[in-house]
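Chain letters run A, B, ... following the sequence lines, proteins first and then strands; every chain starts at 1.
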Amino acid sequence: MYIKKIEIFVLETLLNTYNNLDLSLINKDGLLIQKSPNSIDSDFGTSLPLRLAKTLKKNQLEIANILAEKLINEKPDYISEITVVKPGYINFSINKKDIFEILKDIAFNENPFSDLFNNKQQKIQIEFVSANPTGPLHVGHIRGAVYGSALSKILSFYGYDVKNEYYVNDAGNQILKFGLSILNEILKSNKISQSLRNKHIIDSTDSYKGEYVKLLANKINNQINLELNSEDLIQKITQLAVTEMLSNIKEDLSRLNVYFDEWFHETKLFEENTLDIVIEKLKQTNLIINKDGATWFLSEDLGDDRDNVLIKQDSSHTYFFSDIANHYNKFYIRNFDKVINIWGADHQGHIKRTKLAMEALGVNQEDLEIKISQMVTIKKGNELVKISKRSGEYVTLNDIVSEVGSDACRYFFLSRAPNTQLTFDIESAKIQNSTNPVYYIQYAHARLTNLIEKATQLDISLDKLPDLNLLSEKEISIAMKLIEFPEIIDQIAKELEPHHITRYTHELASEFHTYYQSEKIIEENNIELSVSRILLCKAILKIIRQCLDLMMVSAPTKM
RNA sequence: GCGCCUGUAGCUCAGUGGAUUAGAGCGGCUGACUUCGGAUCAGCGGGUCGUAGGUUCGAAUCCUACCAGGCGUACCA
C-alpha cells in the first residue's frame, strides 16, 4: 500500500511547510498520489504543486522544489529517490530492498497484507438476484448473480462479516397469477373430467407461458386434490410450485458457484407482523396520511417525485410497503450495520423512495447502498432477443452456462462495470468460450504451478536463501504489480464494483507470460538466480490464485 | 414531458481531473522455440473519446445545452 503511505508522508510534510492550508482545495482534483505512467522513470508521483500554485500564488516548479527539499530531508527508508519533474510533479521511486521484503512476505506469509485484510467488525448484508420464483433464471440474472457473489467474496476477504441474501417474493399478485397459470395447465390435461374442469373456472388471458409451466404442472398434478375448493387448491398449487421453482433456482445458481446464506421469504414479514410495526413507526414521523381510502407515505415532502401508496383501497399492501418492512427487518431485527442491494435496472425508480423511507425510520443514508446491475441486451447474431416470462421467449441461465461454462461466463460478466449496459451475443458466446481471456489467466496459473513443481524436483527450493538483488528491472516491475494487489481490493471495497479485479489479474498474467517467454526462468547452472526467480514466481502464483478465488473462477493446474 | 443510466478502435469493453503517443480482448495482417506447456510471445494496422460550448495550469473524466440509445415514470411485483 505505497500510495497510502506516500500520501500520509506528503500531507504531513505539506502541513509542516504551509501550516494554515485548506486541504479541501486539493482533494477535489482526484487522487493525490498516483502511479507513474510507463514513460516516466519513477514509481509514484503527485501533482500537488500544480494544484497549489494558485492558492499559494507561487510558481509551480518553485513549490515543487521547496516541497521536494523538505520531503528529501524526511525521506523514509522505503523511498529511494524523490525528484521534481516539469511542469511541477514530485516523483517517488521505491527502494528495492523494501520491494524485496514485500515480495518475500507474499511468497512465504500465509496472510500477506494482513494489516489491510483484518477484521472490520462490521456486519454487512448483500442482497442480490432475488428474482421472483415464477420462472427459471434467465441470462439477465447471471449478471446480478456474478456481480453480487464476487462483491460479497471480496468484501469478506477484505475483513467484513458478510452474509448473502436472496429475498423471495412469495406473496402478491404475480405469485397468484403463477399459481393460476399452473392450475390452468393442469386443467387442460385430458385426464381431467369435465365436471372438475367446470368446478375451477379461471381467467387465463394473462398467464405465464413457456415449457417450464407445463413441466411444473405435470410434476404437481399428482400431489394435489382437485376436489378441493378453488381457493384452497390454488394456495396449495402455488406453494408447491414456488418450492419447486426455488429448488431449480438454487441448482442453477450453484452451477455459477453462487450460494446464499439466507433465503428470506416475504411471507415471513407477515408472520412476524413486521408491516404493522413499520406503519406504527412511520405514523410517528407524520409522513402517513389516508387519502381516497388508501394509506400514503408522503415521500414528496422528502424530495421524491410523488407520494406512494402503502395500503391500497382494498386494504392489501403494496410491494413498496413490504419492501420497507423487508429493510426494517434487515436493520432492526437482524441488526446489520450495512446493507447492500443489487437491483436490476428496472428497479432503478425505487431507489429514492426506499432510501427516503428507511431514513425516516432512522437508518443512516450511507448504511443502505443500492447498486444497479444494468440491463443485458441479448443478441443472436444481429438479431435482438426480447426476454419475457409471460410470452415464454426465454434464454435461460442454464442454456448459457451449459454452452459457455461457468468460468468463462463469470469472467465475461465480471469484467464489465455493473452500471453500464452490455450486449451479450449468444452466437459469439461459443466463440467466447474458446477465446475468453479467463483461459489466459488460468493458463498462467497452470504454467506457474508446473514451473514451481519442476523447480522443486530440481531441488531449487526456497530454503536456499534467495538473493533478490539478482533480479532484473523487468522482474522488479512484476513485483511492483504484485504489490498493487491490495490497492485494487481497497478500491473495490470502496466503490463496490468488482470489475477492476479482472483487468488487474489479466495484466498480471500478461506480464508473467511475457516474462516466461523472454527468459528461461530455471537455469540449472545458476542456482542462485533460479532460486530468486522461483521466489518471484511463487508470489505471482499466490496472487493469481487469490484473484481467481475471489472471482470464484477455478484455478486449474493442467489445461 | 420528467427522472436514472449509457455513448471511447470494425465488434465487445477498461480508463480514480494529471505526464510528449487515450488502453485491453476479439476480429484482420506479419513474424517467433531443436528450450521450463504454442490456450504463449513479438510486431503492424485501426480513434473528430456522440456534437457544441464552458470551467481549469491541465478534460474521455467536471458543468451546460443539444443529438442518439436503454430503463423507469401503477392503489403490478
Provide the distance between the two C1' atoms, one in B:A9 and one in B:C26, to the nearest whole Å.
-> 12 Å

Residue A:Lys312, side-chain heavy atoms: nucleotide from B:A19, B:A77, B:C57 that is nearest = B:A77

Do we get A:Arg353 above A:Phe320's six-membered ring, with its NZ or CZ under 6.0 Å from the centre and within 45° of the axis?
-> yes

Taking only the side-chain heavy atoms of A:Tyr440 (C-beta and beyond), determine which of B:A39, B:A14, B:C41 contains the nearest atom.
-> B:C41

Separation between the C1' atoms of B:A22 and B:G15, rounded to whole Å = 8 Å

Would you tell me if any nitrogen or oxygen in the side chain of A:Thr134 comes within less than 4.0 Å of OP1 or OP2 on B:A77?
-> no

What distance, rounded to whole Å, do you find between the two C1' atoms, one in B:G50 and one in B:U40?
-> 38 Å

Distance below 4.0 Å between A:Thr420 side-chain N/O and B:A14 OP1 or OP2 = yes

Any side-chain donor-acceptor pair under 3.5 Å between A:Gln174 and A:Thr134?
-> no

For B:U64, the nucleotide meeting Watson-Crick or G-U wobble distances (both under 3.5 Å) is B:A52

Base, sugar-phosphate, or nothing for A:Thr514, non-hydrogen atoms under 4.0 angstrom?
-> sugar-phosphate

State whether A:Arg447 places a side-chain N or O below 4.0 Å from either non-bridging phosphate oxygen (OP1 or OP2) of B:A39.
-> no

Determine the Euclidean distance between corresponding P atoms of B:G28 and B:G69; express it in Å to zero decimal places.
-> 32 Å

Taking NE2 from A:His347 and P from B:C5, how many angstroms apart are they, rounded to a whole number?
-> 18 Å

Looking only at side-chain atoms of A:Gln421, point me to the closest of B:A39, B:C26, B:U6.
-> B:U6

If you check the A:Gln517 side chain, which of B:A14, B:U40, B:C26 turns out closest?
-> B:U40

Does A:Lys54 make a side-chain N or O approach to OP1 or OP2 of B:C57 shorter than 4.0 Å?
-> yes

Ignoring the backbone of A:Gln34, work out which of B:G25, B:C75, B:G18 is nearest its side chain.
-> B:G18

Value in whole Å for how far the P atom of B:A14 lies from OH of A:Tyr411 | 12 Å

Looking at B:C41, B:G18, B:U12, which one has an atom nearest to any side-chain atom of A:Lys379?
-> B:U12

Separation of the P atoms in B:C62 and B:C44, to the nearest angstrom | 32 Å

If you check every side-chain atom of A:Thr423, which of B:C36, B:G37, B:C13 has the closest atom?
-> B:C13

Choose from B:C71, B:C75, B:G69 the nucleotide whose nearest atom is closest to any side-chain atom of A:Met375.
-> B:C71

Whom does B:C26 pair with, Watson-Crick or G-U wobble, provided both distances fall under 3.5 Å?
-> B:G10

Separation of the P atoms in B:A24 and B:G47, to the nearest angstrom = 16 Å

Between B:G53 and B:A60, how far is it from one P atom to the other, in whole Å?
-> 15 Å

Return the nucleotide paired to B:A39: Watson-Crick means purine N1 to pyrimidine N3 with N6-O4 or O6-N4, wobble means G-U with N1-O2 and O6-N3, both under 3.5 Å.
-> none

Among the nucleotides B:A77, B:C4, B:G27, whichever has the atom closest to the side chain of A:Asn169 is B:A77

Taking atom C1' of B:U12 as reference, at what distance in whole Å does atom CZ of A:Arg143 sit?
-> 12 Å

Ion pair A:Lys474/A:Glu519, N-O distance below 4.0 Å | no

For the pair A:Arg410 (side chain) and A:Met551 (backbone), establish whether a donor and an acceptor sit closer than 3.5 Å, ignoring hydrogens and angles.
-> yes

Hunt down the Watson-Crick or G-U wobble partner of B:G17, both distances under 3.5 Å, from any strand shown, or write none.
-> none

Before accepting this row, confirm whether a basic side-chain N of the pair A:Lys4/A:Glu7 lies closer than 4.0 Å to the acidic partner's carboxylate O.
-> no

In Watson-Crick or G-U wobble terms, with both distances under 3.5 Å, the base opposite B:C2 is B:G72

State which of B:A14, B:G37, B:A39 makes the closest approach to the side chain of A:Tyr439.
-> B:A39

Between P of B:C75 and NZ of A:Lys291, the distance in whole Å | 10 Å

Distance-only, no hydrogens or angles: does the A:Asn341 side chain make a donor-acceptor pair with backbone N or O of A:Trp343 under 3.5 Å?
-> no

Under 4.0 Å between a Lys/Arg side-chain N and an Asp/Glu carboxylate O for A:Glu507 and A:Arg503?
-> yes

Between B:G3 and B:G46, how far apart are the P atoms? Round to whole Å, please.
-> 42 Å

